[in-house]
Participant: 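Structure incoming, see below.
Values reported hereafter were calculated over all heavy atoms of this structure, with side chains retained and with hydrogens, waters and symmetry mates removed. Chain naming here is simple, since letters A, B, ... match the order of the sequence lines and numbering starts at 1 in each.
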Number of protein chains: 2
Amino acid sequence: MSQLTIIDLAAKLGLSKSTVSRAFRNSNDINPETKARILAMAEEIGFSPNLHASNLRVSKSQTIAIIIPEFGNKFFSQAIKGIELVTRSKGYHTLIYVTDHQVQNEASIIRSLSNGRVDGILMSASGEGNDHSHLNLLKDNNIPIVFFDRNYDDINTVYVTGNDEEASFLATEHLIKNGCKRIAYLVINPNISIGKVRMDGYKRALKKYKIPVDDQLVLDTVNQAELNTEDIRELLRDAKPDGILASVERLAISTLRVAKEEGIAVPEDLKLICFSCLDITDLLNPSLSVVKQPAFEMGKVAATYLFESLAKPVKLEEQQTIILDSSLIYQDSSKKIS
Amino acid sequence: MSQLTIIDLAAKLGLSKSTVSRAFRNSNDINPETKARILAMAEEIGFSPNLHASNLRVSKSQTIAIIIPEFGNKFFSQAIKGIELVTRSKGYHTLIYVTDHQVQNEASIIRSLSNGRVDGILMSASGEGNDHSHLNLLKDNNIPIVFFDRNYDDINTVYVTGNDEEASFLATEHLIKNGCKRIAYLVINPNISIGKVRMDGYKRALKKYKIPVDDQLVLDTVNQAELNTEDIRELLRDAKPDGILASVERLAISTLRVAKEEGIAVPEDLKLICFSCLDITDLLNPSLSVVKQPAFEMGKVAATYLFESLAKPVKLEEQQTIILDSSLIYQDSSKKIS
DNA sequence: GTGAAAGCGCTAACAC
DNA sequence: GTGTTAGCGCTTTCAC
């Protein structure tokens with residue numbers, strides 16, 4: 001039963017294989033009745049056309065890839081959900097890859113996709129550095145790529161992101177208005193993409209309120225909880241901030257844990273706000289103020305752009321940034337104590 | 001640059017295409033020097049062998065699929081992370097599909113995979129009902145499937161899951177020992193797979209302590225927060241439980257919100273424990289007692305079994321259940337008030 | 001160790 | 001509306 005072909009099916013029905021082939025494509029060059037007979041028989045004997053043969057013929061895979069740096073937070077699962085929705089509605093398939101924030105992994109994944117495996121790529125960039133040459137392979141093979149959330153700004157393509165600079169500005173301003181004088185900014189990578197943009201908004205707010213930027217209050221730390229926890233503990237002890245803007249959720253979570261351990265009360269002694277897509281911030285103790293990015297929407301929009309460029313042979317050559325609004329949700333963790 | 005073939009490469013090097021082909025397989029029928037020359041040239045001109053042609057020839061896709069009912073919770077993202085890790089280490093690719101708990105979606109996905117697209121499938125079952133005939137297609141096509149977390153027990157294959165009956169028993173016993181007399185069980189689907197098994201453990205514990213099973217205390221509700229919230233509200237008002245075992249995280253979250261709204265204090269008036277993989281239960285208010293399933297591990301183990309069956313032509317014909325231990329983490333939400 | 005040639009299963013001209 | 005036929009790019013016998 002394993003290797004049926006259109007020839008077997010054709011033989012069973014006294015037709016030629018081209019007719020059978022037409023039945024499976026959306027060819028209009030076929031008698032609807034014939035088509036129905038063919039499809040019925042296919043159903044009966046459990047046949048469906050071999051994918052690889054078809055793909056080889058038409059040089060299409062009906063598949064896209066999602067490449068993300070990690071799987072740790074709600075942002076990416078929501079974004080993937082949005083992407084998967086669009087992909088499925090288009091009858092496409094979705095490959096998923098996780099780089100663990102390693103550019104080498106990203107490069108090797110990209111290489112493994114440049115041989116026809118996918119028709120397009122959605123990626124949240126993993127790396128820093130300037131060597132993005134692995135992406136040239138995609139251009140050579142006419143595989144469009146759309147970035148979401150994290151990009152490389154030397155690559156000319158579509159980039160879908162939140163209004164991070166503005167949101168960061170507003171979040172910082174909110175802390176200032178609630179009485180904070182020494183606001184720290186926690187970040188994983190202050191030099192690229194979201195880490196940088198969010199810092200820009202933070203600095204702009206400080207400037208507006210004539211608060212000098214204090215490098216001691218900018219904590220450049222890492223992903224691993226065990227490590228960033230200690231960095232944050234030092235920050236709280238040495239720099240004694242009274243407010244914190246965390247550029248990613250994980251750093252806010254670590255902050256809450258450290259504050260608890262150190263006996264620092266949130267929001268009384270320390271006000272906290274962070275970028276996060278967590279959907280239970282209201283149940284935390286204290287309830288957590290967040291900049292909530294439209295993750296699901298972002299996935300949908302990014303996927304939609306990708307499919308547009310797949311539909312028309314026009315390439316995504318110009319740098320184009322699509323900005324989606326985040327929501328600022330102020331809760332207890334940043335509340336003014338009166 | 002787009003359509004290079006091994007023939008082009010062969011021409012450039014004065015070789016035949018068969019030799020070039022051998023360089024890309026792990027053939028030992030080739031001079032290492034020749035192979036090196038070929039690979040170097042390939043690198044230089046950015047060539048890699050067309051995947052579809054190769055797949056067609058060897059009838060392999062080096063791809064597996066993950067099919068899950070939803071993307072909403074940490075359990076699945078952790079499990080996928082575990083799967084992806086194994087898959088990548090084997091040089092395989094991972095397709096991902098979400099069914100939204102609809103068996104029809106599951107069936108159509110399975111159909112779209114039965115034509116060579118994947119070599120194997122990892123699935124957490126979506127459905128109830130008894131029509132699992134869509135899985136026959138897989139058998140016909142020799143595509144192995146391994147279940148994780150949720151299965152169909154009429155399908156003979158490997159199933160990797162947590163020790164849910166025992167964990168459920170222990171969680172219920174814990175509530176009883178902490179003084180609960182009227183323990184409710186919240187579930188999405190009490191008749192199948194995890195919903196049923198977890199109820200079994202709950203009932204066994206009640207029986208052990210001579211507490212009669214009260215149907216009024218078993219709430220069979222749905223996934224959508226807007227709907228289950230109202231069901232839970234009614235339960236709390238009418239049946240007045242003093243303890244709750246939630247079979248899935250989402251129902252515990254809804255319970256916390258309803259309790260807050262209704263002025264029911266947790267754990268004073270109502271003790272709560274649930275199955276969950278959330279990693280910030282310590283930061284909730286109150287901190288949440290959970291049965292934490294080894295999601296990451298479960299993904300890894302399930303994937304490992306799948307690859308075993310891919311390696312040897314032996315089929316996964318016998319029903320085989322692999323049980324992994326969960327951790328019971330008792331926190332404030334179920335604490336005895338003395 | 002390398003080359004020639006057949007063919008994996010399908011699609012798309014082109015003819016009728 | 002249907003059949004014939006020439007490949008898509010690769011792998012793999014089989015010769016040498």
Participant: Under 4.0 Å from a heavy atom of chain B: give me the 5'-most and 3'-most nucleotides of DNA chain C that qualify.
Facilitator: dG1(C) to dG9(C)

Participant: If you measure from CG on Leu9(B) to CD1 on Ile38(B), what distance do you get to the nearest 0.5 Å?
Facilitator: 7.0 Å

Participant: Checking Ser124(A) now: which residues fulfil side chain to side chain donor-acceptor pair (under 3.5 Å) with it, not counting sequence neighbours?
Facilitator: none

Participant: For Lys81(B), give me all partners under salt bridge (charged side-chain N to carboxylate O under 4.0 Å, His left out), at least two apart in sequence or on another chain.
Facilitator: none

Participant: Donor-acceptor pairs are to be reported for all side-chain atoms of residues 98-107 of chain B against protein atoms at under 3.5 Å, with residues two or more places apart or in another chain.
Facilitator:
| unit_1 | atom_1 | unit_2 | atom_2 | d |
| --- | --- | --- | --- | --- |
| Thr99(B) | OG1 | His101(B) | N | 3.1 |
| Thr99(B) | OG1 | Ser126(B) | OG | 2.4 |
| His101(B) | NE2 | Glu70(B) | OE2 | 2.8 |
| His101(B) | NE2 | Asn223(B) | ND2 | 3.0 |
| Gln102(B) | NE2 | Asp100(B) | O | 3.3 |
| Asn105(B) | ND2 | Thr99(B) | O | 2.9 |
| Glu106(B) | OE1 | Ser126(B) | N | 2.9 |
| Glu106(B) | OE1 | Ser126(B) | OG | 3.4 |
| Glu106(B) | OE1 | Tyr152(B) | OH | 3.2 |
| Glu106(B) | OE2 | His134(B) | NE2 | 2.9 |
| Glu106(B) | OE2 | Tyr152(B) | OH | 2.8 |

Participant: Going by salt bridge (charged side-chain N to carboxylate O under 4.0 Å, His left out), name the pairs with one or both residues in residues 50-66 of chain A, residues two or more places apart or in two chains.
Facilitator: none

Participant: Could you give all pairs that pass the ring-ring contact (aromatic ring centres under 6.0 Å, His included) test and reach residues 9-61 of chain A, with sequence neighbours left out?
Facilitator: Phe24(A)-Phe47(A)

Participant: Side chains of Phe147(A) and Val158(A): does their closest heavy-atom pair fall under 4.5 Å?
Facilitator: no

Participant: Can you tell me how far apart OG1 (Thr94(A)) and CD1 (Ile64(A)) are? Round to the nearest 0.5 Å.
Facilitator: 5.0 Å

Participant: Summarise protein proximity over nucleotides 1-10 of chain D in one line of letters, 5' to 3': B for base, S for sugar-phosphate only, - for none, counting protein heavy atoms closer than 4.0 Å.
Facilitator: SBBBBBBBBB

Participant: Could you list the residues that satisfy side chain to side chain donor-acceptor pair (under 3.5 Å) with Tyr97(B), not counting sequence neighbours?
Facilitator: His93(A)

Participant: Show every salt bridge (charged side-chain N to carboxylate O under 4.0 Å, His left out) that has at least one partner inside residues 23-45 of chain A, sequence neighbours left out.
Facilitator: none

Participant: Can you confirm whether the side chains of Asn141(A) and Ser114(A) place a donor and an acceptor under 3.5 Å from each other?
Facilitator: no

Participant: Mind checking what makes side chain to side chain donor-acceptor pair (under 3.5 Å) contact with Ser89(B), not counting sequence neighbours?
Facilitator: none

Participant: For DNA chain C, determine which residues of residues 109-121 of chain A have any heavy atom closer than 4.0 angstrom to one of its atoms, and list them numerically.
Facilitator: none

Participant: So how far off straight is the helix from dG1(C)-dC16(D) to dC16(C)-dG1(D), going by the axes through five pairs at either end, to 10°?
Facilitator: 30°

